[in-house]
Amino acid sequence: MAPRLWSLGVFLVAIGIAAHVVGWETLLWIPRTVMDWLAWIPAEIIGAVRASPATTGLILLGVVCMVVARVMMRRRG
């Protein structure tokens, strides 16, 4: 329990110092940007499927083949 508490303390001190140096607005800009980017990805995927379903299906089939091949390689060795 003590190592986790120490780690939490170090994390909080680091955040406090970073907030003091760059300001809370700048520090909180990073998570907001990441969330906006993560929300953008599904919209782009849906747009790609609507624009060209055959191409998207072909890409998806290729990804499935790659995943199956990786699973098969792991089981062998």
Side-chain angles (χ1 to χ4, degrees):
M1 182 70 174
R4 288 185 184 175
L5 188 58
W6 178 266
S7 297
L8 177 61
V10 170
F11 178 70
L12 292 174
V13 168
I15 288 179
I17 292 170
H20 179 72
V21 171
V22 299
W24 280 109
E25 190 63 33
T26 303
L27 194 62
L28 293 175
W29 171 81
I30 296 167
R32 281 190 220 127
T33 303
V34 170
M35 292 303 293
D36 289 345
W37 184 72
L38 290 175
W40 169 79
I41 292 172
E44 285 299 313
I45 291 172
I46 291 170
V49 170
R50 286 184 180 160
S52 181
T55 303
T56 306
L58 185 64
I59 292 169
L60 183 61
L61 182 61
V63 169
V64 169
C65 287
M66 291 165 50
V67 169
V68 169
R70 176 64 99 178
V71 169
M72 291 173 68
M73 285 190 288
R74 283 189 179 184
R75 286 187 182 173
R76 286 187 185 169

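- Under a hydrophobic clustering in which Ile, Leu, Val, Met, Phe, Trp and Tyr are joined whenever their side-chain heavy atoms come within less than 4.5 Å, directly or via other members, V64 and V49 fall into different clusters.
- Residues that satisfy the side-chain hydrogen bond (donor to acceptor under 3.5 Å, both in side chains) test with T56, not counting sequence neighbours, are absent from this structure.
- If you chain together hydrophobic residues whose side chains sit under 4.5 Å apart, V68 and M66 never meet in one group.
- Residue V10 belongs to a hydrophobic cluster whose other members are W6, with links defined by side-chain heavy atoms closer than 4.5 Å.
- Counting non-hydrogen atoms of neighbouring residues, nucleotides and ligands closer than 6.0 angstrom, the CD atom of E25 reaches no more than 12 such neighbours.
- Hydrophobic clustering of Ile, Leu, Val, Met, Phe, Trp and Tyr side chains at less than 4.5 Å, counting indirect connections, unites V34 with W40.
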- Apply side chain to side chain contact (heavy atoms under 4.5 Å, CB included) to the pair L28 and R32, showing each step before the final yes or no. CA-CA 7 Å; L28 293 175; R32 281 190 220 127; 3.6 Å; yes
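- Under the 4.5 Å side-chain heavy-atom criterion for Ile, Leu, Val, Met, Phe, Trp and Tyr, V22 and I17 are members of the same hydrophobic cluster.
- Expressed to the nearest 0.5 Å, how far OG of S52 lies from CD1 of I59 amounts to 8.0 Å.
- Atom OG1 of residue T33 and atom CG of residue L38 lie 11.0 Å apart, to the nearest 0.5 angstrom.
- No continuous path of hydrophobic side-chain contacts links L61 to M72 [ILVMFWY only; heavy atoms under 4.5 Å].
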